[in-house]
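Heads up, the thing below is written out as structure tokens.
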Number of protein chains: 2
Amino acid sequence: MVSRKTKYAINALVYLARESKDGQPIQISCIAEKEHIPRKFLEAILLQLRNAGMLNSRKGKLGGYSLQKSPEEINIADVMRLFDGPIALLPCVAYKYYKRCDECVDEGTCGIRAVFSEVRTETVRMLKNATLAEVLRRSEGLKEISLVKTKNKKK
Amino acid sequence: MVSRKTKYAINALVYLARESKDGQPIQISCIAEKEHIPRKFLEAILLQLRNAGMLNSRKGKLGGYSLQKSPEEINIADVMRLFDGPIALLPCVAYKYYKRCDECVDEGTCGIRAVFSEVRTETVRMLKNATLAEVLRRSEGLKEISLVKTKNKKK
DNA sequence: ATAATTCCTATCAATTTAGTAGGAGTTAAA
DNA sequence: TTTAACTCCTACTAAATTGATAGGAATTAT
């Protein structure tokens, strides 16, 4: 499972991608309220996203956060890695956090490893494609579908 | 990441599938030694696998564990669910452990959910296909490849 | 009987998670 | 130039989870 931190981070980023088209900074407390995230907790999360180069911040009155990169350039894989570490389910198939399995006898002929390697490759591919822009597109698509459904019900 | 418990469980099951063709029980201490798993810890793991219907046990002298189902019928997805719970990365896309996201406004139009739903579907598909028999087949395949490689090196 | 095994309950230390608290530093505007 | 509204930063904490260990009861082949 993804941690709450990661989930909050993704929600905050999607919120920023949707609400701040002009690049105007949006305040922590605003995001916290709209996305139901504890304010102080979100504070730390946004700071980390800024330090990772995904967000810009402006201090002082009228300060806040805005996207540093375009919504096409920010993807869920990177956010997950930032907060939860490796996406791989075994250390020995991780890409950016590789570590040998302590108890493993021969990594090269490990059938379990082969399975988890495939899972990792596919998962990373999907999560890399899941940019903020893509998430918004999907959300729009789903809204249309639900609109059609309610229309049909009224008939 | 998968827990150590799950990793140990998979290794123990693969060991049993490979070494106990005749269905003769194999002792905890034997598996523990060969697979580098703390004995007492493995004890609890095997018990849980038995209670889940994957293993048979025989008590007393010459007792031990054997597979209850065929290696084609035991898959990694089920083992992971047994020890680590849901395979899904978000509670709201879990199949056997579904739970609404506390902070979610509208599940039906959530773009994030759509992404993680796809990831879950693909992951479960791969892990369901990863039966003990399949893991052994892959392992054999890898052994052949590494044999060819060493042959070529010698030339 | 006894030796070797599984079965079962309880306990524990370390780590991770999901926050909270308090205040220093910065900036726009009155 | 004061002040209100922000971000930035460090430290702390309670609860849950993980990865075990300890000790002995129950069972079975010899």
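Note that these values count all heavy atoms, side chains included, but never hydrogens, waters or copies made by symmetry. No experiment lies behind these values; they were computed from the predicted model shown. Lettering follows sequence order; numbering is per chain, from 1.
Distance, Phe83(B) CZ to dT17(D) P: 17 Å, rounded to whole Å. Here the P atom of nucleotide dT7(D) and the CG atom of Leu55(A) are 12 Å apart, to the nearest Å. Here dT18(D) presents its C1' atom at 17 Å from CE of Met1(A), a figure rounded to the nearest Å. In this structure, Lys40(A) places its NZ atom 13 Å from P of dC9(D), rounding to the nearest Å. Atom-to-atom, CD of Glu43(B) to P of dA22(D) comes out at 12 Å; the value is rounded to the nearest Å. Distance, Leu47(A) CG to dT7(D) P: 10 Å, rounded to whole Å. The NE2 atom of His36(B) sits 19 Å away from the P atom of dG19(D) (whole-angstrom rounding). Taking atom CG of Leu42(A) as the reference point, atom C1' of dC8(D) lies 14 Å away to the nearest angstrom.
If you check every strand for non-hydrogen atoms under 4.0 Å, Ile28(A) touches sugar and phosphate atoms only. If you check every strand for non-hydrogen atoms under 4.0 Å, Tyr8(B) touches sugar and phosphate atoms only. Residue contacts shown for Arg39(B) include a base, since a base heavy atom lies under 4.0 Å away. Nucleic acid contact class of Lys61(B) (heavy atoms, under 4.0 Å, all strands): base.
A salt bridge between Glu107(B) and Arg100(B) is absent, with no side-chain N of the basic residue lying under 4.0 Å from a carboxylate O of the acidic one. Salt bridge status for Arg4(B) with Asp102(A): present, with a side-chain N to carboxylate O gap under 4.0 Å. Looking at Glu103(B) and Lys7(A), a side-chain N of the basic residue comes within less than 4.0 Å of a carboxylate O on the acidic one, giving a salt bridge. Between Glu118(B) and Arg138(A) there is a salt bridge, with a side-chain nitrogen of the basic residue lying less than 4.0 Å from a carboxylate oxygen of the acidic one.
Close approach of DNA chain C to chain A, defined as any atom under 4.0 Å from a non-hydrogen atom of the protein, starts and stops at dA18(C) to dA29(C).
For the pair Pro38(A) and Lys59(A), both in contact range of DNA chain C, the more 5′-proximal nearest nucleotide belongs to Pro38(A). Remark on DNA chain D: of its neighbouring residues Ser29(A) and Leu62(B), the 5'-side contact belongs to Ser29(A), judged by nearest-heavy-atom nucleotide. Nearer to the 5' terminus of DNA chain C, by closest-nucleotide assignment, is the contact made by Arg50(B) (compared with the other of Arg50(B) and Arg4(A)).
When atom types are taken as modelled, the side chain of Asn56(B) and the backbone of Ser66(B) share no donor-acceptor pair closer than 3.5 angstrom.
Proximity of Ile87(A) to Tyr97(A): side-chain heavy atoms (C-beta onward) are nowhere separated by under 4.5 Å.
Residues Asn75(B) and Thr131(B) bring no donor and acceptor atom of their side chains to less than 3.5 Å of each other.
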